[in-house]
Structure formats: C-alpha cells, structure tokens
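To start, the structure under review is shown below, and the notes come after it.
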Amino acid sequence: MATNRQAASSSSRWRAPVLFAVLAVLFVLEGTVRNAMFSGSWNTSLAILNMGLISAITALGVNMQWGYAGLFNVGVVGFLAMGALAPVLVSLPPVEGAWAAGGTRLMLALLVGLGTLAMAKLAWTRTRSGLLTIVVLIAGFVAYRWLFDPAVVAIEANNPARHGNIGGLGLPVLLSWAVGGIFAAAAAWAIGKVALGLRSDYLAIATLGIGEIIVAVMKNENWLARGVMNITAIPRPVAQEVDLQNNPDFVEFASSWGFAAAEASGIWVKLSYMSLFLVVLLVIILLAELALKSPWGRMMRAIRDNETAAEAMGKDVTRRHLQVFILGSAVIGVAGAMMVTLDGLLAPTSYNPLRYTFLIWVMVIVGGSGNNWGAVLGAVTIWFLWIKAEVWGPALFALLTGPLPDSAFKSHLLDSAPHMRFIAMGLVLLLVLRFAPRGLLPEK
Amino acid sequence: MDIANALVVFLNFVFIPAAAYGAQLALGALGVTLVYGILRFSNFAHGDTMAFGTGTVILLTWGLQAMGISAGPLPTALIALPFGIALTALLVLGTDRAVYRFYRKQKAAPIILVMASVGVMFVMNGLTRVLIGVDEYRFDDGTRFIMDVRTFREMTGLPEGLALRSTQALTVGVALIVMVALFWFLNRTKSGKAMRAYSDNEDLALLSGIDPERVVRLTWIIAAGLATIAGTLYGLDKSFKAFNYFQILLPIFAAAIVGGLGNPLGAIAGGFLVAFSEVAVTYPWVRVVGYLVPGYEPSGLMQLLGTEYKFAVSFVILIVVLLFRPTGLFRGKSV
C-alpha cells in the first residue's frame, strides 16, 4: 500500500508519541472536566479505556491478518464469540447433574461428528468416490444426531431456570483467556483449511458467513452457554467493589485521596482490570513487533505485497496464510475472553457484526494497517469516539435544532441523534480511506 | 398413502414460502452481481441500500395513506415504489460520485472498494435509522389472502389447508416481471449491450466508444431499483426492520456467488437454490412423511436443522459449491 515510504518515515518520528499524548489528554479530560462534552468521572474514563484496550487487542489480531498478510477477515465477531465461550466453559463452577444427565453422550456425539468429517475427507482423497463420501456423511450425520439430540434434551432439562447448560470446570478465569485464544485458533484452523484458497472477495464473504454461524450456534445451543438466556456472574480476577467498601483500610486509603469509598472502589477495580489488560496488550505487541521484524515478518510482507514473486521464491503462500490467520484469530479470541471477563456476562444476542466486526475494521484502517501501534491508537481513539458520540451527537443536534420551533420534525431529529454514531463512523472510515489511506500511523 | 394432503402441506409450508423468499433473494443477488460485473467489487452496502430504499417506500406509503390514496386490493406500497426507487437511485449515484468514482479513476485494488463499501454501509445504515428508526413496521395493506386455509378446505374437503398470501403471489409476480424486463434490457437494448460488453472486457468496450461513466451510472440506477424492489417485497412479505436487511445480505451474497458472480442468470438460480435449501433443511417434515407413509410414526420432527440455522445453510451451500466450482455454478468472474 505504501507509495512513498521515504517521505513517510522521515516525518513520523514524533507522530506516534504526539498522537498518543493527545489521546491521553482526552482521557484525562474525561476524568476531570465536567461539562457538556466530558463526564468528569474517572469511573467513566477508565471504563472507556478498559474496553478500548480490549478493542486494541482485537484490532491487533485483525492487523496481523490484514496488515501483515492482506487477508480480509470479516468474521471478527465469530472469533470474539469463540473466545467468549472460554470463561464460561473454563471458570464457571460445574453444574450439578449436567454431566450425569448427558455429558458423556454429548462428548461422544461431538467426537462422532468430527470423526465423520475426517472420514468423509479420507474417503474423498483416497477413493475420489462422491457416492462413498456422501454415504459416509449421511451415516455419520444420523449417528451424530442419534447421540446428540437426547443428550442435549437431558442437559437442557437439568434445572433450566438456573442452568440448563453443561457448566464449567471451575478453574481460574485468567486461564480462560489463553483457552479463548485456543478456541478461536481451532476455529480459524478449520475455516482456513476450507476458505483460504478463495480469492479476496470470496474469502471476505466466506468469513462473514462463518462469523454469523458461530454467533447463531451460541444463541441457539442452550446446553453450551444457555443461549439467549445469557450467563451472568462469571468469576472475576479482581476484587469485588463491595468487599473493598467493607474494608476499613481501603476506605481510609480512599479518603486520604479525597474519594468517597463507593467511587474509589469502582476506580480501584477498573485500575486492576486495566493493569491486567495492559500486561496482555504489551506482551502481544512485543511478540508481534518481534515477529514483524524477524525474517518471518519480512516473508509475510513479501507475500502480501507480491504473492506470485514470493511463491516463485519457494514460499508456501497458502501455508503462511493459514499460519497468520490462526495467529490473528487467536489474538481476537483472547480479546473475546477478556471482554466477557470484564463484563462478567455472556450475552450472545449482543454479538452484532456492525459493532464487533466492522467497527474493529474502522479501527484498523484509521489507525494504520500494518502498524501495531497504529492499530492500538486507532482502536482506543475510535472506541472513545464511539462512546462519546452517544453524548456528543445529541448535544450537537440540540445545538443545531435550537433555533427551530418545537415540532414533530424537531423531536424526530432529537430522537434519532444517537444513530448519528453510525454515520460518523462511516464518514471517518471513508475520509481516512480517501485522504490518508495508510492511516494515522502509517506502516514504516 | 395420502398424496393430496402431503402435497398440500408441502406447498403450504415449503414451496410457496421458499418461492417468495427465493424471488426476493434473486432480486437482491441480481443487484450484487451487476455491481460486481461492472464495478468489480462486492458491495457490502447492498443490504443497507435495500433498507434505505424500503424505508423511503414506507414513508411514501404512509404519506399516500394519509392522503387517502390506495391501490385497492393491492398494497399502497406499489404506488410508492417508483418514487422510492428514484430517491434511492439519487442517493446511490451520489455515493458513487462522492466515494467510488475516486477509486475507479485510481484503478485501486478491488479490496479497497470493498472497504469503501463498508464505510458506505455504515453511513447508509445510520441514514436509514435516522430516517425511519429501528422499530419493526408492517406496511402491507390491501387484500391479505388470495386463498385462505378455510376456503381451501371448504373447496377441496381436505383436512389440510393451503394459504396463499397476496404478498407471496405479488412477490413472485413482480420478481418475474422485473427479471424479464432486466434480461430484455441487457440483451436487446443498446445500453444493455454496452453494459454487457463493458462487463466482459473493459478495454475492448472502451475501444469501441462505450462511455464507461454512463455504463456505471446505469448500473447504479438498476442496482438501486433492484434493491428497492427486493427490499420492499421482503418487507411486505415479512415486515420491515432496518437491521434485518443487513442480515439477509449473507444469503444474498451466497446466492450471487453460488450462481457465479457477475452472471445475472446465475444470481436468479442461486437465489432460488439458496431459498429452497434453507426452507427444506429447516422444515420439520414429520407431517409430510406421516401422510406419505401411513402407519409410520416418526419419533422426531424429521427436521435436519433448527430453524435458527437458516443462514448457516446458505453458507454451507456456498462453501460446497466453491469447493467444486470456484467461480460458481454458471461460471462467474473473479477479479
């Protein structure tokens, strides 16, 4: 994408620090100044920052796929959802009676399902007989449903008001972040095996479809994570606000800084989350930067810039694409698990592609594809704007419609102001693509 | 064996709904495929173009109803449709001028155009929400049924009833007219031939004096028309909810790709293939089987997949077709 690398690199030395400093000032303003534009609450400021950091990790994953390798993955929401399953399956306490009701049969069904696919593949590659492959698929499907359906019914009938799901393993929630990455990586492997041979547009639409399918499975398979009944009270890795407020040492500490205990406990919890997220973010950036500057990273960019030439030099393009697709998806999966941990809630209906796929893409393009720091900057900036647009949009509309007499038209405009955030995000994306196609922090 | 009743159940729950849905998908896929054929990118904003077009049609319909104008037994939306198409075409031409033309002139990579269409999608989504909100609306007036279950039972004496809603018949009828008109236009008129020539070989078309900007304008106008018609028919048949139109983008893309991107005939075949498979795979066949095999009581619903997985079916078809025919059933193009 770079047309003028020399010019870009000479002016960019101060660009990143200045832009990050501007962003930091915005967050400080949000925390301290109270007016029409900012809330003046550190709790709000830190809440935006925490979600921004998770978005940054998601954007890093997308950036690995698009910025390093030119893979257009429009199924981000699916990988986030895969990651989101991990805290539920890893850290929730086991559900009493669920395993006894049908756990073993369920696992067997899933194994039979996988086995069927493997057998069908084997039948096709060994014999090239379409008939045999279809017979294997149909027989496998019947066996799978025979095992699967009663198991699901039994599990979902197990105390459905409170559970109805298979439950978790009761392990520490931090472990689930890594497991979330593994879940997403496994999904990416399966998808990549099938779809990575497709050309750019076809790949985009294939990933779009797979993302939707993963979310559909989460919404409808109640045994897995209660589906649309949601899962609440996911264990958290940091202190509870209530415990802090009941701790006299903490209350004294808070008042010595001039904060009420309630406010201070919120801030403390958010700061704890923030430090965890920062550690993950920095580790991923460090690894990503090391990888990008290594021979592997140069090879990836060579493949991205000219697939044919790279292939002529003996690089296995499909294999490398699969590799980077899995790595990027794993990072997205980690972010998905972190998000559920932060919210303490898994609500499959909230997995909306506009918010979790396309908004992430806006972040990557605005930040600067191919540049890790750019992805982080873009993610936190766009997330800040996305949240603040909810306040700024109506404020702007109120200002603009101020002179208008009270009418149905005016109230319609005021009511629809929150939808302005979509228009604003679209315009930001279009303007950046048009006037700064390499983003705020261009690739070096 | 009771073939008559089995057939009625099949027609009522599988054939008629799938035919109507297939017609809607085919019209949507025709728009996607035309844009791909001429402008050479997958337009992610097509679903939201449909939503915007339908939104304007609904607003105009309300206006007409307030003025006391109606189309008698037909939905008032049909009168509003041409005006809705005109407004949508204006918007789409505006976006081409403001967004896509720049990249076309630059000969940017197709993927950049796709990304720009994502930006357009956001803006159009927001516009539709500002225009008409996020609520669910029903705007089908006129006669509801051509044939309802009770009349059918009285006529035939069968225990199973058959219902044909007027919106379903209308959908198929309008879609057929639009498809015939489109093929007549593409195959018989000078402008249509110019469009096909440009789609087949851009350089050769330019050499023979075809004005590319005119071809592009025509394409956008036709795409806007197809999107508005498809969206309005879908809205009449089910209901209008702005976000749903983003959701049906997936089966629409699947239909266009299964048929072969850039191939109008393929888009139609793909639309019906996707629709019929979706309905057939998610329909509980227990009653049909019950009539066909007397004395046999199936234990389950004889349903291959839950209804919630409709979209998954369209995607599985897409993958299977692409594995064996990488450019679709009717040999579409690839950029």
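A note on names: the letters A, B, ... follow the listed sequences, proteins ahead of strands, and every chain is numbered from 1. We use all heavy atoms of the structure for the numbers below, so side chains are in, but hydrogens, waters and symmetry mates are not.
- A perpendicular orientation is assigned to the rings of B:Trp285 and B:Tyr283, their planes being inclined by more than 60° (bins at 30° and 60°).
- For a heavy-atom cut-off of 4.5 Å, chain B lies close to A:Ile423, A:Met425, A:Gly426, A:Leu427, A:Leu429, A:Leu430, A:Leu433, A:Arg434 in residues 423-434 of chain A.
- A donor-acceptor contact closer than 3.5 angstrom is absent between the side chains of A:Asn222 and A:Glu156.
- Residues of residues 45-54 of chain B lying under 4.5 angstrom from chain A, judged on non-hydrogen atoms, do not exist here.
- Proximity to chain A involves both the backbone and the side chain of B:Val120, based on heavy atoms less than 4.5 angstrom apart.
- Only the side chain of B:Met121 comes within contact range of chain A, judged by heavy atoms closer than 4.5 Å.
- Looking at B:Gln247, the atoms closer than 4.5 Å to chain A (heavy atoms on both sides) all sit in the side chain, from C-beta outward.
- Taking 4.5 Å as the limit, every side-chain heavy atom of A:Phe422 sits out of range of all side-chain heavy atoms of B:Leu127.
- The environment of CH2 in A:Trp189 is sparse: at most 12 heavy-atom neighbours from other residues, nucleotides or ligands sit within 6.0 Å.
- A distance-only check finds a donor-acceptor pair linking the side chain of B:Ser117 to the backbone of B:Val114 [under 3.5 Å].
- Contacts with chain A were tallied for B:Gly126, B:Ala108, B:Ala109; B:Gly126 has the most, counting heavy-atom pairs under 4.5 Å.
- Side-chain contact between B:Met124 and B:Tyr245 is absent, with no heavy atoms from C-beta onward closer than 4.5 Å.
- Ring-centre distance between B:Tyr137 and B:Trp62: below the 6.0 Å cut-off.
- A distance-only check finds no donor-acceptor pair linking the side chain of B:Thr219 to the backbone of B:Val35 [under 3.5 Å].
- The closest donor-acceptor contact from the side chain of A:Asn63 to the backbone of A:Ala59 lies at 3.5 Å or more, if one exists at all.
- Interface remark: A:Arg421 contributes no atoms to any contact with chain B (heavy atom separation under 4.5 Å).
- At a 4.5 Å heavy-atom cutoff, the contact between B:Val118 and chain A is made by backbone and side-chain atoms alike.
- Top candidate by heavy-atom pairs under 4.5 Å with chain A, chosen from B:Phe246, B:Phe253, B:Phe102, is B:Phe102.
- Counting non-hydrogen atoms of neighbouring residues, nucleotides and ligands closer than 6.0 angstrom, the NZ atom of A:Lys219 exceeds 12 such neighbours.
- In this structure, chain A has a heavy atom under 4.5 Å from the side chain of B:Val99, while its backbone stays farther away.
- Scored by the salt bridge (charged side-chain N to carboxylate O under 4.0 Å, His left out) test, A:Lys388 finds A:Glu30 as partners (sequence neighbours excluded).
- Using a 4.5 Å cut-off between heavy atoms, A:Asn352 touches chain B through its side chain atoms alone.
- Residue with the most contacts toward chain A among B:Ala312, B:Pro251, B:Ser314: B:Ala312 (heavy-atom pairs, distance under 4.5 Å).
- Of the atoms belonging to B:Leu304, heavy atoms from both backbone and side chain fall under 4.5 Å from chain A.
- Residues passing the side-chain hydrogen bond (donor to acceptor under 3.5 Å, both in side chains) test with A:Glu307: none are found, sequence neighbours excluded.
- The part of B:Ile257 that comes within reach of chain A is its side chain, from C-beta onward, which places non-hydrogen atoms under 4.5 angstrom from that chain.
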* To do: Using the ring pair (Phe, Tyr, Trp, His ring centres under 6.0 Å) rule, take B:Phe41 and B:Tyr103 through it: C-alpha gap first, then chi angles, then the decisive distance, then the call.
  => CA-CA 11 Å; B:Phe41 74 95; B:Tyr103 299 105; 9.6 Å; no
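- Atom CZ of B:Arg97 has 12 or fewer neighbouring heavy atoms from other residues, nucleotides or ligands inside a 6.0 Å radius.
- In summary, A:Arg304 and A:Glu443 engage in a salt bridge, as defined by a charged side-chain N under 4.0 Å from a carboxylate O.
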